[in-house]
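Note that the coordinates shown come from a computational prediction; the quantities given were computed from them, not determined experimentally.
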Amino acid sequence: MAENNDTDTGDGTDARSDADNSNDSRSDNSSGCEAASPPTSRRALLLAAGSAGAAAVLSAACAAPAGTRGTAGMPSTSASPTRPPSTTPSETARAAAAPACVLAVGAGAGPYYLDLDLVRSDITQGRDGVPLRLDLTVVRVPDGCRPLAAAGVEVWHADADGDYSTGKNTFLRGTQITDRTGHCVFHTIVPGWYAGLAPHIHFKIRPDTHTETTSQFFFPEDLLTRIYTRPPYAHRTAPEHPNQRDSRYRAAGETMTLNPTPDGNGYRATYTIGIT
């Protein structure tokens with residue numbers, strides 16, 4: 001089935017209408033692990049997490065990588081990358097930020113959410129773009145930011161052209177199950193822009209089969225403007241200020257903006273998601 005198409009107007013604003021503020025009516029919660037997984041059912045893994053053998057399954061599937069973890073609701077720095085792109089002073093300043101444990105700011109799932117059981121770490125599925133490694137840790141804020149094991153983490157976002165996968169296409173979508181430290185990893189790309197919205201990555205956290213937390217990550221605007229001068233983004237005219245035109249970013253960007261650091265030919269972002 002064909003993906004959603006944008007009509008570029010030349011100033012970085014797409015003619016496609018936006019319903020991304022719509023709310024998902026379901027009530028569930030989940031998270032993921034680093035090891036690349038076969039296309040196992042997300043629901044089966046969440047059910048298995050409640051059994052006596054869950055610890056062994058998750059331990060084998062979700063080995064926690066080296067690197068530092070951030071405080072809830074905020075990114076942190078990661079391990080030193082290899083062959084890094086140059087780091088700007090603004091990136092250095094962002095890396096020093098580490099506020100107290102806070103809740104993630106909730107947001108609607110948007111119109112492009114698909115309830116798929118795609119348990120996998122690498123979600124690129126052949127889409128071109130600047131590589132992004134997303135290291136996530138899920139914690140319970142009311143429990144003193146206790147790491148949450150066996151939670152489902154689901155992410156989805158647009159490709160470099162601002163298009164989402166639909167129908168039989170499943171690129172840039174996937175689920176992971178957190179390990180015993182509450183950690184999981186996704187390998188993806190930096191998303192493109194569309195419909196006058198700040199570029200973002202949607203996510204859902206499901207700690208069990210009955211509850212969920214839905215929100216989205218944003219990106220530093222200075223980083224986006226540099227990335228969008230590179231292929232495959234550069235064939236469109238990028239907006240001069242991709243974030244500030246979006247009221248959702250202005251409302252939640254301080255808490256929900258990632259802090260990507262150079263990592264090889266791409267970037268790596270580490271974020272701790274606080275839920276109730």
Side-chain angles (χ1 to χ4, degrees), residues 6 11-31 70-76 90-91 93-113 132 134 136-142 145 153-158 162 164 172 186 188 190-206 211-228 238-260 267 269-276:
D6 292 344
D11 61 355
T13 302
D14 300 313
R16 181 175 58 192
S17 62
D18 172 60
D20 223 17
N21 290 318
S22 64
N23 291 321
D24 190 53
S25 59
R26 257 183 343 180
S27 205
D28 258 313
N29 232 308
S30 83
S31 178
T71 52
M74 195 65 187
S76 74
S90 59
E91 289 173 339
R94 283 194 300 267
C101 173
V102 295
L103 289 170
V105 178
Y112 303 111
Y113 174 70
L132 174 67
L134 193 57
L136 303 177
T137 300
V138 181
V139 299
R140 289 277 195 190
V141 173
C145 286
V153 177
E154 186 174 3
V155 302
W156 69 100
H157 63 85
Y164 283 81
L172 304 177
F186 289 94
T188 185
V190 175
W193 69 94
Y194 70 95
L197 300 178
H200 55 279
I201 294 177
H202 294 280
F203 67 87
K204 282 182 182 287
I205 308 297
R206 292 187 173 97
T211 55
E212 72 180 22
T213 296
T214 305
S215 188
Q216 57 195 325
F217 296 123
F218 299 104
F219 293 82
E221 193 166 80
D222 58 338
L223 176 65
L224 291 174
T225 55
R226 290 200 309 277
I227 288 176
Y228 290 163
E240 185 177 358
H241 298 289
N243 286 347
Q244 294 303 325
R245 58 194 186 146
D246 189 342
S247 60
R248 301 173 311 164
Y249 173 81
R250 294 193 297 271
E254 183 175 354
T255 300
M256 302 308 299
T257 298
L258 296 171
N259 177 34
Y267 291 87
T270 302
Y271 195 100
T272 300
I273 304 169
I275 67 171
T276 55

Heavy-atom closest pair, residues Gly192 and Pro199: O-CB, 4.0 Å
Are any side-chain N or O atoms of Ser215 and backbone N or O atoms of Val105, one a donor and one an acceptor, separated by less than 3.5 Å? yes
State the OH-CD1 distance between Tyr267 and Ile227, to the nearest 0.5 angstrom. 5.0 Å
Between Ala158 and Leu172, what is the shortest heavy-atom contact and its length? O-CD1, 3.5 Å
As an exercise, state the distance from CZ of Phe217 to CG of Asn259, rounded to the nearest 0.5 Å. 12.5 Å
Which residues share a ring-ring contact (aromatic ring centres under 6.0 Å, His included) with Phe219, sequence neighbours left out: none
Starting at CG of Leu103, measure out to CD1 of Ile273 and round the result to the nearest 0.5 Å. 12.0 Å
Indicate yes or no for a side-chain donor-acceptor contact from Arg250 to the backbone of Gln244 under 3.5 Å, with no hydrogens or angles considered. yes
Are side-chain heavy atoms of Leu132 and Phe186 found at a separation under 4.5 Å? no
Apply side-chain hydrogen bond (donor to acceptor under 3.5 Å, both in side chains) to Thr188 and list each qualifying residue two or more places apart in sequence or on a separate chain. His157
Heavy-atom pair with the smallest gap, counting every atom of His200 and Ala198: ND1-O, 2.7 Å
Side-chain donor or acceptor of Thr225 paired with backbone N/O of Asp222 under 3.5 Å: yes
Hey, does the side chain of Arg140 reach the backbone of Cys145 with a donor-acceptor pair shorter than 3.5 angstrom? no
Do any N or O atoms from the side chain of Glu221 and from the backbone of Asn243 form a donor-acceptor pair under 3.5 angstrom? yes
Contact check, side chains of Pro191 and Ile201, non-hydrogen atoms, under 4.5 Å: yes
In chain order, what residues pass the ring-ring contact (aromatic ring centres under 6.0 Å, His included) check against Tyr228, with sequence neighbours excluded? Trp193, Tyr233
Student check: side-chain heavy atoms of Val190 and Leu224 closer than 4.5 Å: yes
Just say parallel, tilted or perpendicular for the rings of Trp156 and His202, cut-offs at 30° and 60°. parallel
